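Note that this is a predicted model, so its numbers are computed, not measured.
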Amino acid sequence: MATLPEQPALILASASPRRRDLLARLGIDPQHICAADIDETPLKAELPRVYAQRMAREKAQAAADPNAFVLAGDTVVACGRRILPKAEDEATARACLQLLSGRRHTVLSAIALRAPDGTMRERLSETKVRFKGLSEAEIAAYIASGEWQGKAGGYAIQGRAEGLIAWIAGSHSGVVGLPLFDTRALLKSAGFPIG
C-alpha cells in the first residue's frame, strides 16, 4: 500500500484569528503561527499599494523557515493616496468612519508566500468599498460595539459594519484580511497541495 507524501509545513506569519479562520475555509490549518515583529510604519510618501506589498513581503521574510512555506498578508484601507491607520482608540475609529462616510475607498490585501527554497510569490487583491452616508448616531453605535478595535480603517466588514456598506466590488475575504481566491492560486502556483 502506497503512503501519501507528507504535506509540507505551512507557517502563517500573522497573529490574526481572522486570517487563520479564512485559511480554514480552504481546508488549511497552518502547523505554526508566527506573528512577524516588524516596523509597520509607512515610509515617507509611500503609496498604499506599495506599502501593503512591502508589509506582506517583510512579514514573510521575518518568519522565513527553510523547511516550510510561509504565508503572510497585510490589509490596507486607503482613501485616495492616504493610508488609514489601525484604530487603537475611539477618536481614531470615529475619524476614519467620518472620512469614509458616503464615499468609496479601496482595501488592498497583499499576500506573500515564501517557499522553502527561498523563492517569493506575491499577489495583491484590490477591493472597492462604499459606506452609506453615516449619521453621527450610526457612528456612535458602531463605536460602542467595539468591533473597530485594531482594525484598519476603523471597521470590520465581517461584523456590524457590513450593514452600513452600500456597495462592494472585489474580494469580501480580502477586506476581512485574506483574499481566498488569490491565496489559493498563490499556494497552487508554489506547489503547495491544495484541492
Side-chain angles (χ1 to χ4, degrees), residues 10-42 48-63 69-79 82-88 92-93 96-97 100 104-114 120-131 142 145-165 167-187 192 194:
L10 177 70
I11 296 170
L12 178 59
S14 172
S16 166
R18 291 167 304 284
R19 286 197 178 104
R20 186 172 191 165
D21 291 345
L22 286 165
L23 264 182
R25 292 184 192 177
L26 294 177
I28 298 172
D29 185 20
Q31 283 78 3
H32 305 286
I33 305 290
C34 176
D37 185 21
I38 63 168
D39 179 3
E40 295 191 36
T41 307
R49 173 186 307 268
V50 174
Y51 171 72
Q53 291 171 313
R54 180 174 67 85
M55 287 294 96
R57 195 169 38 252
E58 287 184 12
K59 289 174 184 178
Q61 289 289 45
F69 285 90
V70 177
L71 179 66
D74 194 71
T75 302
V76 172
V77 175
C79 198
R82 182 175 174 185
I83 298 169
L84 298 189
K86 285 184 182 174
E88 302 298 342
T92 302
C96 287
L97 292 171
L100 298 176
R104 187 182 297 188
H105 63 280
T106 304
V107 179
L108 301 157
S109 193
I111 50 173
L113 180 69
R114 188 183 186 281
M120 186 79 73
R121 287 174 168 78
E122 302 175 53
R123 295 209 42 170
L124 179 73
S125 168
E126 184 172 327
T127 303
K128 301 292 185 188
V129 180
R130 185 174 65 80
F131 271 94
Y142 188 73
S145 78
E147 282 185 355
W148 53 269
Q149 294 177 359
K151 305 295 190 303
Y155 73 94
I157 196 170
Q158 69 275 22
R160 294 178 183 197
E162 192 163 10
L164 303 173
I165 291 172
W167 178 84
I168 178 173
S171 171
H172 185 275
S173 61
V175 179
V176 176
L178 191 70
L180 293 182
F181 178 83
D182 295 290
T183 300
R184 184 179 185 281
L186 200 63
L187 289 165
F192 186 86
I194 184 170

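In terms of heavy-atom proximity, A63 sits nearest to I11 at O-CD1, 4.2 Å. Shown here for T75 and S109, the closest heavy-atom pair between the two residues is OG1-OG, 3.3 Å. Scanning both residues, P48 and V76, for their nearest heavy atoms gives CB-CG1, 4.2 Å. When all heavy atoms of D182 and S125 are compared, the pair lying nearest together is OD2-CB, 3.5 Å. A110 and A56 make their closest contact through O-CB, 3.7 Å (heavy atoms, listed as atom of the first residue, atom of the second, distance). Between I33 and S14, the shortest heavy-atom distance links the atoms CG2-O, 3.0 Å.
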### Task
Would you check, one step at a time, whether the test side-chain contact (heavy atoms from CB on, under 4.5 Å) holds for L100 with L84?
CA-CA 10 Å; L100 298 176; L84 298 189; 3.8 Å; yes
### Message
Is there a side-chain contact (heavy atoms from CB on, under 4.5 Å) between L187 and I28? Walk through the geometry before answering.
### Response
CA-CA 11 Å; L187 289 165; I28 298 172; 3.4 Å; yes
### Message
Y155 vs V175, test: side-chain contact (heavy atoms from CB on, under 4.5 Å). Steps then yes/no.
### Response
CA-CA 10 Å; Y155 73 94; V175 179; 4.0 Å; yes
### Task
Give the intermediate values and the outcome of side-chain contact (heavy atoms from CB on, under 4.5 Å) for residues M120 and L113.
CA-CA 6 Å; M120 186 79 73; L113 180 69; over 6 Å; no
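Atom CG of L186 is separated from atom CD of E122 by 8.5 Å, given to the nearest 0.5 angstrom. Residue M55 holds its CE atom at 6.5 Å from CG of D74, rounded to the nearest 0.5 Å. Note: T92 OG1 to Q149 CD = 11.5 Å, rounded to the nearest 0.5 Å. If you take CZ on R57 and CD1 on I38, they are separated by 10.5 Å, rounding to the nearest 0.5 Å. Taken to the nearest 0.5 Å, the NZ atom of K59 stands 4.5 Å off from the CD atom of E40. Here the straight-line distance linking atom CZ of F181 with atom CG of L26 works out to 11.5 Å at 0.5 Å rounding.
With contacts defined as side-chain heavy-atom distances shorter than 4.5 Å, the pair R104/V129 does not qualify. R25 places none of its side-chain heavy atoms less than 4.5 Å from the side chain of R184. When side chains are defined from C-beta on, F192 does not count as touching L71, because their heavy atoms never get closer than 4.5 Å. In this structure the side chain of V107 never reaches within 4.5 angstrom of the side chain of I157, judged on heavy atoms. Between F69 and R121 the shortest side-chain heavy-atom distance does not fall below 4.5 Å.
Applying the side-chain contact (heavy atoms from CB on, under 4.5 Å) rule to Q158 yields the partners R18, K151, A156, V176; only residues at least two apart in sequence or on another chain are considered. Remark: R49 engages Q53, L108, L124, E126 in a side-chain contact (heavy atoms from CB on, under 4.5 Å) (not counting sequence neighbours). Residues forming a side-chain contact (heavy atoms from CB on, under 4.5 Å) with A93 (at least two apart in sequence, or on another chain): A87, I143, W148.
Listed for the K128 side chain is no donor-acceptor partner under 3.5 Å among the backbone atoms of G170. When atom types are taken as modelled, the side chain of R19 and the backbone of G177 share a donor-acceptor pair closer than 3.5 angstrom.
Judged purely by distance below 3.5 Å, without hydrogens or angles, the side chains of S145 and R160 never pair a donor atom with an acceptor atom.
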